[in-house]
4 protein chains.
Amino acid sequence: MKHIKRRERESSEIRRKIIEAARSLFLNQGYAEVSMRKIADQIEYSPTTIYHYFSNKEAVVRELLLEGNALFLKALQQRVDEAQAAGLNALDTLKTVSDAYVRFGMANPEYYNILFISNLESVSSVSLIDSGSFKGFELLEGGLKVAMEEGGIIQGDEHLMARSVWSMLHGLTSLLLNFELPMAKANNELISFTIDTFFRGLSR
Amino acid sequence: MKHIKRRERESSEIRRKIIEAARSLFLNQGYAEVSMRKIADQIEYSPTTIYHYFSNKEAVVRELLLEGNALFLKALQQRVDEAQAAGLNALDTLKTVSDAYVRFGMANPEYYNILFISNLESVSSVSLIDSGSFKGFELLEGGLKVAMEEGGIIQGDEHLMARSVWSMLHGLTSLLLNFELPMAKANNELISFTIDTFFRGLSR
Amino acid sequence: MKHIKRRERESSEIRRKIIEAARSLFLNQGYAEVSMRKIADQIEYSPTTIYHYFSNKEAVVRELLLEGNALFLKALQQRVDEAQAAGLNALDTLKTVSDAYVRFGMANPEYYNILFISNLESVSSVSLIDSGSFKGFELLEGGLKVAMEEGGIIQGDEHLMARSVWSMLHGLTSLLLNFELPMAKANNELISFTIDTFFRGLSR
Amino acid sequence: MKHIKRRERESSEIRRKIIEAARSLFLNQGYAEVSMRKIADQIEYSPTTIYHYFSNKEAVVRELLLEGNALFLKALQQRVDEAQAAGLNALDTLKTVSDAYVRFGMANPEYYNILFISNLESVSSVSLIDSGSFKGFELLEGGLKVAMEEGGIIQGDEHLMARSVWSMLHGLTSLLLNFELPMAKANNELISFTIDTFFRGLSR
DNA sequence: CATGAATGAGCTTTCATTCAT
DNA sequence: GATGAATGAAAGCTCATTCAT
C-alpha cells in the first residue's frame with residue numbers, strides 16, 4: 001500500500017515537473033518555444049520520459065490550459081464570494097471581480113497568455129462550454145443582469161455588455177503583460193482608473 | 001543607367017513580393033508558420049534569393065512591422081484629419097479615432113497581430129520612439145489633453161488616460177480578431193457600445 | 001500445487017494472448033507494424049509483461065513461426081490422410097495436397113506471410129529441419145516418388161520436381177495473397193487451372 | 001554552359017547515389033531498413049541533403065519502383081525481340097520470355113523485391129496501368145493468344161492463363177531469391193524444368 | 001506476477017543559413 | 001542578380017529493452 005502510494009506520488013511529481021517546465025517555457029519564450037526536448041532538458045529527464053506521462057505535446061499543453069482555466073475561474077469566484085460576504089451591491093461586485101480578472105492575469109502571465117492570447121487552435125478540443133473563460137463570461141453576464149435589476153447600471157443587452165466589459169479587461173491585462181511601454185508608471189492606478197471609468201460609463 | 005534602373009525596380013519588386021508573401025503567411029497561418037522556405041515557395045524564387053534582399057528572417061519581419069506601423073499611423077491620422085475637417089470637437093474626434101483604431105485592426109489583422117499581439121521580441125530593435133504605436137499614443141494623449149481643455153472630459157493625467165483608452169481599444173480589437181466567441185453577434189454594435197461607454201465614463 | 005497450476009494456466013493464457021495479438025497485427029498491418037508496445041496495448045498489459053513470457057521480440061515472432069509451421073504441416077497431412085482414405089492414386093493425392101497448400105495460405109494469410117514471404121532473417125534460428133516447410137517438402141517429394149512408381153508422372157529427379165511444384169504453389173498463393181490485381185476474377189478457377197496444368201505437364 | 005552542364009551532372013550524380021544507396025539498403029536489409037539517415041550515411045551526406053533531391057522518403061522509393069518497372073519491362077521486351085529475330089513460334093517465345101522473367105529477378109533481386117514482393121502500399125500512387133508488371137502482363141497475355149491461334153497451346157481464357165503463368169514464374173523467382181533451401185542444387189535446371197513442365201501442360 | 005519508470009537510439013522532416021558560382 | 005548545394009540543429013515521436021520493486 002505504501003509502495004503504491006509512493007509510486008503514485010512520484011508519478012505525480014514528474015507530471016508536475018513536466019507541466020511546470022512547460023509553463024515556464026511558455027512564459028519565458030512563448031508557445032512556439034515549448035518543445036518536448038526543452039521540457040525534458042529542463043527537468044533533466046529524457047524526452048521519452050515525457051511520453052510516459054503525456055501522450056503527446058498537445059496533451060501537455062491541454063493540461064496547462066485546463067489548469068489555467070480552473071485557476072482563473074477560481075480566482076474570479078473567490079472574489080465574488082468575498083464581495084458577497086462583504087455585502088457589496090452588484091455594481092461594486094462587478095468592479096471588484098474585474099479587478100480580480102486583471103490581477104489574475106498579472107499574477108499568472110503564462111496562464112493568461114495560454115488562455116487568452118496564444119491562439120491554441122490545436123488544443124481547441126478543450127470544450128469551450130466547460131472552459132473557465134466561458135464560465136467567467138457567464139458569471140460576468142449574470143452580475144450585469146443583477147446590477148441592472150438593482151438599478152446600478154443602465155438597462156441594455158447584458159450579453160453585449162459582458163463582451164464589452166471583457167474587452168476592456170482583456171485589453172488592460174494584455175497590454176500590461178505584453179507591452180511594458182516605457183511610459184508605464186503606476187499599473188495599479190491604470191487598472192483602477194480604467195475599471196472605474198468604464199463602469200462609470202455604464203452607471204445610470 | 002537604364003540597366004541599373006531596371007534592376008533596381010526589379011529589386012524592389014521582389015522585395016515587395018517577399019514581404020507580401022510573408023504578410024500573407026502571417027495572416028493565414030500565424031507567425032510560427034512564416035518560414036523562409038515558405039516565403040520563397042510562394043513567390044517562386046529560391047530561398048537564397050531572399051537573402052539578397054533581407055539579411056535574415058528577422059529583417060523580413062521587421063520590414064513588415066515598419067510597414068504596419070506606417071499604415072496604422074496613417075489610418076489614425078486620416079481619421080483625425082477628417083474629424084477636423086468636419087469640425088468635430090475633441091471628444092468626438094477621440095471617439096471617431098477610436099473607431100478608426102478598431103477598424104484598422106479588423107481590416108488588417110495580420111498587421112495588427114504583428115504590431116500588438118505577437119510578441120516579436122526578436123524584432124524589438126525597432127525603435128519604439130519611431131513606432132506607430134508610440135506616435136499613435138502621442139496622438140491619443142494630445143487629443144485627450146485638448147478634450148480636457150475643451151471641458152468635454154474630466155480633468156486628470158492625460159498619460160494615464162491615454163493608456164486606459166488604449167487598453168480598451170486593444171482589448172476590443174484583439175478579442176474581435178482572435179476570439180470569435182460563439183456568442184459573437186453584432187460586432188459593430190459591440191464596438192460602438194464599448195467606445196461610447198468608455199468615453200461616457202470619461203465625460204464630465 | 002493448485003497455485004502453481006493456476007499460475008501456469010494463466011501464464012499460458014497470456015502467452016496465447018500475446019501471440020494472438022502479434023498475429024493479428026501482423027495480418028492487419030504487416031511485420032513492420034508489429035511492435036512490443038502495440039502488442040501490449042492490444043492485450044491490455046504493460047509492455048514489460050511480454051518480457052516475462054518472451055525474452056524479446058524475436059522470440060514472439062519465432063513462436064508465431066513455429067505455430068504456423070505446425071498448422072501448415074497439419075493442414076497438408078490432413079489432406080493426405082483424406083486422400084488415402086478415399087483411395088486416391090498418388091497423382092491425384094498430389095493434386096489435392098497442392099490444393100490444400102494454396103487453401104492454407106488463403107485461409108491463414110498471416111501465417112503464410114510469416115512462413116514464406118516475409119524474410120525473417122532474424123528468426124532463421126528455427127531449425128529448418130524441423131520446420132513445416134521442410135517436412136512439407138519431404139511429404140511432397142515422397143508423393144512424387146510414389147507417383148513415379150505408379151507410373152502417373154514422368155520419371156525424373158523427385159527432388160527437382162518437388163522444388164518445381166513448390167514454386168508453382170508458392171507463386172499461386174503469394175500472388176493471390178499480395179497482389180489482388182484489378183483483373184482478378186475467379187480465384188478458384190485460377191487455382192485449379194494452374195495445378196491441373198502443371199500436373200498435366202508432369203504426367204506421362 | 002559548361003558550368004551548367006557540370007552542375008546538372010553533379011546533381012544527377014547525387015540523385016543516382018541516393019537511389020543506389022536506397023537500392024542497396026533495400027536489397028540487404030529490406031524495406032523497413034531503408035531510412036533517410038542510413039541512405040545519408042551511406043552516401044556520406046547529411047540527411048537534409050536528400051531532401052534537396054527528393055521531397056520525402058516515399059519519393060525515393062517511388063523512383064526505385066519506377067526504375068525497376070522500366071528495367072523489368074525492358075528485359076522482357078528485349079527477349080521478345082530476340083525471339084522474333086530468331087523466328088521463334090509463339091510457344092517458344094513464351095518460354096524464352098518466361099526465362100527472361102526469372103533471370104531478371106535473379107539478376108536484380110532488389111528490384112524484384114520492390115516490384116513484386118514488398119507490398120509498398122504507400123507507393124501505390126504509381127499508376128498500375130503504366131507499371132511494368134501490368135505491361136508485362138499484357139505482353140504475356142498477347143503471347144498466349146497468339147500461341148493459341150498458332151495451335152501451340154490449348155484453347156482457353158488467355159487472361160486466366162496469363163495469371164497462371166505469372167504465378168508459376170513468380171513462385172519460381174521468389175523462392176529462388178528468398179529461400180535458398182539447403183537442398184538447392186542446380187537453379188538453372190529448376191528454372192528450365194519448371195517452365196518446360198508448365199508449358200507442356202499447356203500444350204495440346 | 002506484473003508493472004511503472006526510464007532511456008538511448010532511431011525515425012521523418014523542417015528550419016535558417018552559408019557558400020561557391 | 002539569382003541559385004543550387006549543403007548543412008547543423010532542432011522538431012515530434014516510436015522503438016525495444018532494462019531495472020527495481
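Convention: sequence-line order gives letters A, B, ...; per-chain numbering from 1.
- Heavy-atom distances to DNA chain E give each of Ala32(B) and Ile50(C) a nearest nucleotide, and the one nearer the 5′ end belongs to Ile50(C).
- In terms of position on DNA chain E, the residue among Pro47(B) and Lys38(D) whose nearest nucleotide sits closer to the 5' end is Lys38(D).
- Atom CG of Asn56(A) and atom C1' of dC13(F) are 9 Å apart (whole Å).
- One atom, CZ of Arg37(C), and another, P of dG10(E), lie 18 Å apart when rounded to the nearest Å.
- Atom CG in Asp41(A) sits roughly 12 Å away from atom P in dG12(F) (whole-Å rounding).
- The 5' end of DNA chain F is approached more closely, in terms of each residue's nearest nucleotide, by Glu44(D) than by the other of Glu33(C) and Glu44(D).
- Here the C1' atom of nucleotide dA16(E) and the CD atom of Glu58(B) are 13 Å apart, to the nearest Å.
- Residue Val60(B) is classed as having no contact, given no heavy-atom separation below 4.0 Å to the nucleic acid.
- Taking atom NZ of Lys57(D) as the reference point, atom C1' of dC11(E) lies 8 Å away to the nearest angstrom.
- Residues Ser24(B) and Gln42(B) have side chains that bring a donor and an acceptor to within less than 3.5 angstrom of each other.
- Atom CG in Leu25(B) sits about 15 Å away from atom P in dT14(E), given to the nearest Å.
- No donor-acceptor contact under 3.5 Å links the side chain of Thr49(B) to the base of dG1(F).
- Nearest-nucleotide assignment on DNA chain F puts the 5′-proximal partner with Tyr51(A), out of Tyr51(A) and Met36(C).
- Among the nucleotides dA5(E), dT14(F), dT3(E), the one closest to any side-chain atom of Tyr53(A) is dA5(E).
- dA10(F) is paired with dT13(E) under the criterion used here, namely a Watson-Crick or G-U wobble arrangement in which both key atom distances are under 3.5 Å.
- Across the protein-nucleic acid pair, Ile18(A) atom CD1 and dA6(E) atom P stand 9 Å apart, rounded to whole Å.
- As a whole-Å value, the separation of His52(D) NE2 from dT13(E) P is 15 Å.
- Atom CG of Leu66(A) is separated from atom CD1 of Ile19(A) by 10.0 Å, given to the nearest 0.5 angstrom.
- In this structure, Lys38(A) forms no cation-pi arrangement with Phe26(A), as its terminal cationic atom is not both closer than 6.0 Å to the ring centre and no more than 45° off the ring axis.
- Listed nucleotides dT3(E), dT13(E), dT3(F) differ in distance to Tyr45(C); the shortest reach to its side chain belongs to dT3(E).
- If you check dG8(F), dA9(E), dG12(F) against the side chain of Ser46(D), the one that comes closest is dG8(F).
- Under the Watson-Crick or G-U wobble criterion, with both distances below 3.5 Å, dT21(E) is paired with dA2(F).
- Judged by a 6.0 Å distance limit and a 45° cone about the ring axis, Lys57(C) is positioned over the six-membered ring of Tyr31(C).
- The base of dG10(E) does not come close enough to the side chain of Ser35(D) for any donor and acceptor atom to sit less than 3.5 Å apart.
- Taken from CD1 in Ile43(D) to OG1 in Thr49(D), the straight-line distance is 7.0 Å, to the nearest 0.5 Å.
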